[in-house]
Amino acid sequence: MKPYKLLIIFFCFISCKDNFQEIKNINNYSNYPIGIAENLKLIYTDSAKVKAILTSPLNKDFTNQSFPYSEFPNGVKITFYDNNNQETTVISDYAIAYNKTNIVDLVGNVVINTYDGSVLKTSQIYWDPEQEWLFTEKKFTFKNIDYDISATRLDANRSFTIFNSGELEGQVLIEDKEKQINEN
């Protein structure tokens with residue numbers, strides 16, 4: 001009977017592991033957000049005009065980190081207003097804004113609806129608000145009055161007047177200026 005008890009004790013010591021680092025991490029407050037906001041509604045104004053409204057069910061502020069960021073783990077909706085008060089809406093399942101680079105990473109069911117009816121859909125897109133520039137290496141679809149395309153890789157300005165992409169699939173309306181000149 002004694003060898004069995006010894007064997008059980010032996011297995012107990014083998015199955016134990018060192019959790020000291022995990023215990024230290026529990027008390028490491030630098031891993032926690034500096035603030036948490038629920039049902040956030042942030043209104044950005046410039047010269048008393050509303051430029052954007054951001055809403056999110058949850059915001060975690062990690063600006064206490066060496067590489068500060070704000071996280072929106074339950075999604076975000078941003079409505080932008082141009083000088084003519086026309087709306088562009090951006091939604092995603094998850095977002096993270098990096099303070100040092102001013103880059104916003106939108107992830108999961110990203111949809112951008114512009115005031116002119118253009119719709120861009122993708123699984124992830126990066127946005128540079130200072131340059132008003134969008135880019136992704138993921139597959140996307142884009143529809144408006146002239147385009148109904150899907151492609152992988154996008155590099156575009158916010159209004160989609162500059163639009164670079166990878167290999168396209170779909171329909172693009174091309175105006176034949178030569179024909180117009182000959183008909184007149």
Side-chain angles (χ1 to χ4, degrees), residues 13-83 87-114 118-142 151-166:
F13 282 114
I14 289 176
S15 65
C16 293
K17 62 180 181 179
D18 184 13
N19 293 338
F20 183 68
Q21 187 59 40
E22 288 180 37
I23 293 169
K24 280 177 44 179
N25 287 340
I26 289 172
N27 293 323
N28 186 354
Y29 293 107
S30 66
N31 291 335
Y32 295 106
I34 197 168
I36 296 175
E38 293 179 344
N39 300 316
L40 176 69
K41 182 175 184 178
L42 179 66
I43 301 173
Y44 173 73
T45 61
D46 185 13
S47 303
K49 284 184 88 174
V50 175
K51 295 292 184 178
I53 299 174
L54 180 146
T55 57
S56 179
L58 181 65
N59 170 246
K60 294 182 179 181
D61 181 358
F62 288 94
T63 55
N64 58 336
Q65 303 296 307
S66 60
F67 193 74
Y69 62 94
S70 272
E71 181 181 37
F72 302 89
N74 297 337
V76 68
K77 177 182 178 185
I78 310 167
T79 304
F80 296 97
Y81 299 92
D82 67 10
N83 292 334
E87 294 182 16
T88 295
T89 303
V90 178
I91 62 169
S92 71
D93 293 341
Y94 174 88
I96 189 165
Y98 298 99
N99 298 49
K100 285 187 178 180
T101 61
N102 291 323
I103 299 293
V104 179
D105 183 6
L106 301 161
V107 180
N109 298 309
V110 180
V111 179
I112 301 173
N113 290 300
T114 66
S118 299
V119 179
L120 180 120
K121 294 181 180 181
T122 187
S123 62
Q124 180 179 28
I125 199 161
Y126 295 97
W127 171 50
D128 181 342
E130 287 183 1
Q131 303 297 317
E132 295 191 350
W133 206 257
L134 304 161
F135 50 97
T136 186
E137 294 291 325
K138 302 290 185 183
K139 186 171 181 116
F140 71 91
T141 61
F142 180 76
T152 302
R153 197 177 65 69
L154 171 70
D155 192 18
N157 65 352
R158 184 176 128 192
S159 61
F160 301 114
T161 55
I162 301 172
F163 194 97
N164 300 306
S165 71

**Item:** Any side-chain heavy-atom pair of N83 and K51 under 4.5 Å
**Value:** yes
**Message:** I need the minimum non-hydrogen distance between N64 and P33, along with the two atoms involved.
**Reply:** ND2-C, 4.3 Å
**Message:** I'd like to check the side chain to side chain contact (heavy atoms under 4.5 Å, CB included) partners of N113; sequence neighbours left out, ordered by chain and number.
**Reply:** V111, V119
**Message:** Please enumerate all residues that pass side chain to side chain donor-acceptor pair (under 3.5 Å) together with D128, with sequence neighbours excluded.
**Reply:** none
**Message:** Please give me the minimum heavy-atom distance between P129 and N102, naming the atom from each residue.
**Reply:** CD-O, 2.9 Å
**Request:** Write out all pairs satisfying ring pair (Phe, Tyr, Trp, His ring centres under 6.0 Å) with one or both partners inside residues 92-113, taking only residues at least two apart or from two chains.
**Result:** F67-Y98
**Request:** Just do the side-chain contact (heavy atoms from CB on, under 4.5 Å) check on W133 and I162 with the steps written out, would you?
**Result:** CA-CA 10 Å; W133 206 257; I162 301 172; 3.7 Å; yes
**Fill in**
Across all chains, not counting sequence neighbours, the side chain to side chain contact (heavy atoms under 4.5 Å, CB included) partners of N109 are D93
**Prompt:** Do you know the tightest heavy-atom contact between P68 and S66?
**Reply:** CD-O, 3.5 Å
**Complete:** Sorted by chain and number, sequence neighbours left out, ring-ring contact (aromatic ring centres under 6.0 Å, His included) with F135 holds for Y126
**Request:** To the nearest 0.5 Å, tell me how far I78 CD1 sits from T88 OG1.
**Result:** 11.5 Å
**Message:** Within this structure, what is the CD1-CD1 distance for the pair I96 and I103, rounded to the nearest 0.5 Å?
**Reply:** 12.5 Å
**Item:** Minimum heavy-atom distance between T152 and E137, given as atom pair plus value
**Value:** CG2-O, 3.1 Å
Got a list of side-chain donor-acceptor pairs under 3.5 Å for residues 35-42, not counting sequence neighbours?
none

**Message:** Tell me every residue that passes side chain to side chain contact (heavy atoms under 4.5 Å, CB included) with T161, counting only those two or more places apart in sequence or in another chain.
**Reply:** N157, S159
**Closest non-hydrogen atom pair, N99 against Y69** = OD1-CA, 3.3 Å
**Prompt:** Who passes side chain to side chain contact (heavy atoms under 4.5 Å, CB included) against K138, sequence neighbours left out?
**Reply:** T122, S123, Q124, T136
**Message:** The test is side-chain contact (heavy atoms from CB on, under 4.5 Å); show your working for F142 and S165 and say whether it passes.
**Reply:** CA-CA 11 Å; F142 180 76; S165 71; over 6 Å; no
**Request:** Return the set of residues passing ring-ring contact (aromatic ring centres under 6.0 Å, His included) with F80 (not counting sequence neighbours), or none when no residue passes.
**Result:** W127
**Asked** What is the distance from atom CG of D105 to atom CZ of F72, rounded to the nearest 0.5 Å?
**Response** 12.5 Å
**Message:** With rounding to the nearest 0.5 angstrom, report the CD1 to CD1 distance, I112 to I125.
**Reply:** 4.5 Å
**Item:** ring pair (Phe, Tyr, Trp, His ring centres under 6.0 Å) contacts in which one or both residues fall within residues 39-60, not counting sequence neighbours
**Value:** none
**Request:** Rounded to the nearest 0.5 Å, what's the gap from CD1 on I53 to OH on Y81? Could you check?
**Result:** 4.0 Å
**Prompt:** Sequence neighbours excluded, which residues qualify as salt bridge (charged side-chain N to carboxylate O under 4.0 Å, His left out) partners of E87?
**Reply:** none
With a 3.5 Å cut-off and sequence neighbours excluded, list the donor-acceptor pairs that the side chains of residues 55-63 form with protein atoms.
| residue | atom | partner | partner atom | Å |
| --- | --- | --- | --- | --- |
| S56 | OG | L58 | N | 3.4 |
| S56 | OG | L58 | O | 3.0 |
| S56 | OG | G75 | O | 2.6 |
| N59 | ND2 | E71 | O | 3.2 |
| D61 | OD1 | T63 | N | 2.9 |
| D61 | OD1 | T63 | OG1 | 2.8 |

